[in-house]
A.B. asks: 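Structure provided below as structure tokens; questions to follow.
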Amino acid sequence: MKIQLLFLLVSVWGCGTKKTNIDRATQLKVGVEQNQFLVGDVNNDQEKDTAFITLKRNLETGELVFEPDNDAIAIEFSNGIPKISVDESLGVFVTKTDDVNGDGANEIILFSRTNQGYWNDISIWTFMGGKWNQIGHTKAFVSENKDFENRIINENGRYYLIGEDPWELDNLGRFKKTRVKIAK
């Protein structure tokens with residue numbers, strides 16, 4: 001009887017140890033990546049605003065780690081400006097642009113990296129009436145830092161967001177440029 005009890009205790013204790021080792025092996029090693037972007041004066045209060053993005057990445061795979069039931073990236077702002085959430089993104093780059101809608105405050109452009117290689121969703125946002133409004137959207141092939149530049153053009157007082165068509169090539173074999181009129 002004592003031998004059976006001893007055998008039972010060793011078996012139970014041994015199983016508990018193996019479970020702990022399995023738990024340790026499956027725990028993710030997560031690193032926190034914090035980025036901040038100077039975005040001008042988006043709320044027209046004469047103070048410079050900043051956007052903040054905090055990402056959690058699996059250190060072994062580089063993949064983003066999200067909270068349960070939330071696979072969005074939150075872009076938070078200084079000076080009490082509400083956040084913007086971007087769904088299904090592998091990373092976000094934020095930059096300011098000129099005032100394209102005539103409200104006296106500059107707008108921002110979001111480059112949201114998709115899971116389709118170097119393709120990004122590009123959207124332009126304005127802050128009006130205490131909330132963010134998307135006023136333009138396109139896709140673009142972004143492989144170098146210079147690809148973030150010159151995405152807005154002004155033609156005769158009308159602003160356009162420049163992107164690329166992933167399904168059509170020009171006669172030089174490059175992705176064909178697209179133009180999306182920016183809403184006012």
Side-chain angles (χ1 to χ4, degrees), residues 32-55 57 64 71-184:
V32 176
E33 175 184 320
Q34 296 180 322
N35 298 304
Q36 67 181 29
F37 303 92
L38 302 176
V39 293
D41 182 12
V42 297
N43 59 352
N44 207 12
D45 66 355
Q46 309 307 313
E47 291 184 34
K48 301 294 181 193
D49 300 309
T50 306
F52 302 93
I53 300 172
T54 302
L55 304 173
R57 290 199 186 272
L64 290 180
D71 59 353
I73 293 177
I75 304 165
E76 297 178 337
F77 295 88
S78 60
N79 299 324
I81 299 169
K83 70 180 180 179
I84 297 174
S85 292
V86 179
D87 291 329
E88 300 179 16
S89 178
L90 302 176
V92 176
F93 179 83
V94 183
T95 188
K96 71 177 186 172
T97 189
D98 294 331
D99 178 12
V100 299
N101 63 354
D103 67 351
N106 67 275
E107 276 65 55
I108 63 171
I109 302 176
L110 302 182
F111 294 85
S112 176
R113 197 172 53 158
T114 68
N115 61 1
Q116 301 165 341
Y118 290 102
W119 285 96
N120 280 233
D121 284 326
I122 301 178
S123 54
I124 185 166
W125 294 76
T126 188
F127 187 72
M128 294 178 76
K131 66 179 186 168
W132 286 104
N133 298 293
Q134 182 176 308
I135 57 175
H137 179 264
T138 190
K139 288 193 170 291
F141 190 80
V142 178
S143 64
E144 300 177 20
N145 286 343
K146 67 181 177 105
D147 295 331
F148 290 113
E149 300 170 2
N150 303 318
R151 290 293 172 178
I152 295 180
I153 60 170
N154 180 351
E155 289 182 353
N156 301 320
R158 294 184 184 204
Y159 288 92
Y160 297 91
L161 184 59
I162 304 300
E164 284 92 24
D165 185 338
W167 308 111
E168 192 172 344
L169 300 177
D170 64 15
N171 55 359
L172 297 174
R174 296 180 298 211
F175 295 108
K176 189 173 182 179
K177 298 284 184 194
T178 61
R179 295 174 3 143
V180 175
K181 185 178 177 188
I182 296 172
K184 289 209 175 207

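Counting from 1, the numbers follow the sequence of the chain as shown.
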A.B. asks: At their closest point, which heavy atom of V94 faces which heavy atom of A51, and how far apart are they?
C.D. replies: CG1-CB, 4.3 Å
A.B. asks: When rounded to the nearest 0.5 angstrom, what distance separates OG1 in T95 from CZ in F37?
C.D. replies: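 T95 atom OG1 to F37 atom CZ measures 9.0 Å (nearest 0.5 Å).
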A.B. asks: Could you pull out all residues at least two apart from T54 that satisfy side-chain hydrogen bond (donor to acceptor under 3.5 Å, both in side chains)?
C.D. replies: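 With neighbours one apart ignored, the set is empty.
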A.B. asks: In chain order, what residues pass the side-chain hydrogen bond (donor to acceptor under 3.5 Å, both in side chains) check against D99, with sequence neighbours excluded?
C.D. replies: none
A.B. asks: Examine distances only and state if a side-chain atom of D41 and a backbone atom of Q46 form a donor-acceptor pair shorter than 3.5 Å.
C.D. replies: yes
A.B. asks: Look at the side chain of D165 and the backbone N and O of W167, then say whether any donor-acceptor pair between them is shorter than 3.5 Å.
C.D. replies: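 Yes, D165 side chain to W167 backbone: donor-acceptor pair under 3.5 Å.
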A.B. asks: Sequence neighbours left out, what pairs pass side-chain hydrogen bond (donor to acceptor under 3.5 Å, both in side chains) with at least one residue falling in residues 78-87?
C.D. replies: D49-N79
A.B. asks: Taking all atoms of both residues into account, what is the closest heavy-atom pair of V39 and T50, and its distance?
C.D. replies: CG2-N, 4.0 Å
A.B. asks: Using side-chain hydrogen bond (donor to acceptor under 3.5 Å, both in side chains) as the criterion, list what pairs up with D45, not counting sequence neighbours.
C.D. replies: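 Partners of D45 under the side-chain hydrogen bond (donor to acceptor under 3.5 Å, both in side chains) test: N43.
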A.B. asks: Check residues 122-137 and write down every donor-acceptor pair under 3.5 Å in which the side-chain atom is one partner and the other belongs to a residue at least two apart or another chain.
C.D. replies:
unit_1 : atom_1 : unit_2 : atom_2 : d
S123   : OG     : W125   : NE1    : 2.8
T126   : OG1    : N101   : ND2    : 3.1
T126   : OG1    : D103   : OD2    : 3.4
T126   : OG1    : E107   : OE2    : 2.7
W132   : NE1    : P82    : O      : 2.8

A.B. asks: With sequence neighbours left out, write down each residue that passes salt bridge (charged side-chain N to carboxylate O under 4.0 Å, His left out) with K139, or none if nothing qualifies.
C.D. replies: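 Here the qualifying residues are D121.
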A.B. asks: Test of understanding: with salt bridge (charged side-chain N to carboxylate O under 4.0 Å, His left out), list the residues that count as partners of E47, not counting sequence neighbours.
C.D. replies: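 Not a single residue meets the salt bridge (charged side-chain N to carboxylate O under 4.0 Å, His left out) criterion with E47.
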A.B. asks: State which residues pass salt bridge (charged side-chain N to carboxylate O under 4.0 Å, His left out) with E76; sequence neighbours excluded, sorted by chain then number.
C.D. replies: none
A.B. asks: How would you list, by chain and number, every residue that makes a side-chain contact (heavy atoms from CB on, under 4.5 Å) with R179, sequence neighbours excluded?
C.D. replies: I153, E155, Y160, I162
A.B. asks: When you measure from the side chain of T114 to the backbone N and O of W119, does any donor-acceptor pair fall under 3.5 Å?
C.D. replies: yes
A.B. asks: Looking only at heavy atoms, what is the nearest atom pair of A105 and V42, with distance?
C.D. replies: CB-O, 3.5 Å
A.B. asks: If you take all heavy atoms of S89 and V86, which pair is closest and at what distance?
C.D. replies: CB-CG1, 3.9 Å
A.B. asks: Distance check, rounded to the nearest 0.5 Å: L110 atom CG versus I53 atom CD1?
C.D. replies: 7.5 Å
A.B. asks: Determine whether a donor-acceptor pair (N or O, by modelled atom type, separation under 3.5 Å) exists between the side chain of E164 and the backbone of F141.
C.D. replies: yes
A.B. asks: Could you tell me if the side chain of L161 sits less than 4.5 Å from the side chain of I152, heavy atoms only?
C.D. replies: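 I152 vs L161: side chains touch.
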A.B. asks: Check ring pair (Phe, Tyr, Trp, His ring centres under 6.0 Å) between F52 and all other residues, then give those that pass, not counting sequence neighbours.
C.D. replies: none
A.B. asks: Nearest 0.5 Å please: distance from the CG atom of L64 over to the CG atom of L55.
C.D. replies: 5.5 Å
A.B. asks: For a quick test of reading the model, state the closest non-hydrogen atom pair linking I75 to F77 and the distance between them.
C.D. replies: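 Answer, listing the atom of I75 first, then F77: O-CE1, 3.4 Å.
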A.B. asks: Could you check whether any side-chain heavy atom of N154 comes within less than 4.5 Å of a side-chain heavy atom of Y159, counting everything from C-beta outward?
C.D. replies: yes
A.B. asks: Mind checking salt bridge (charged side-chain N to carboxylate O under 4.0 Å, His left out) for R113 and listing every partner two or more places apart, or none if nothing turns up?
C.D. replies: none
A.B. asks: Suppose we screen for side-chain hydrogen bond (donor to acceptor under 3.5 Å, both in side chains). Which residues come up paired with Q34, at least two apart in sequence or across chains?
C.D. replies: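 If we apply the side-chain hydrogen bond (donor to acceptor under 3.5 Å, both in side chains) test to Q34, skipping adjacent residues, there are no hits.
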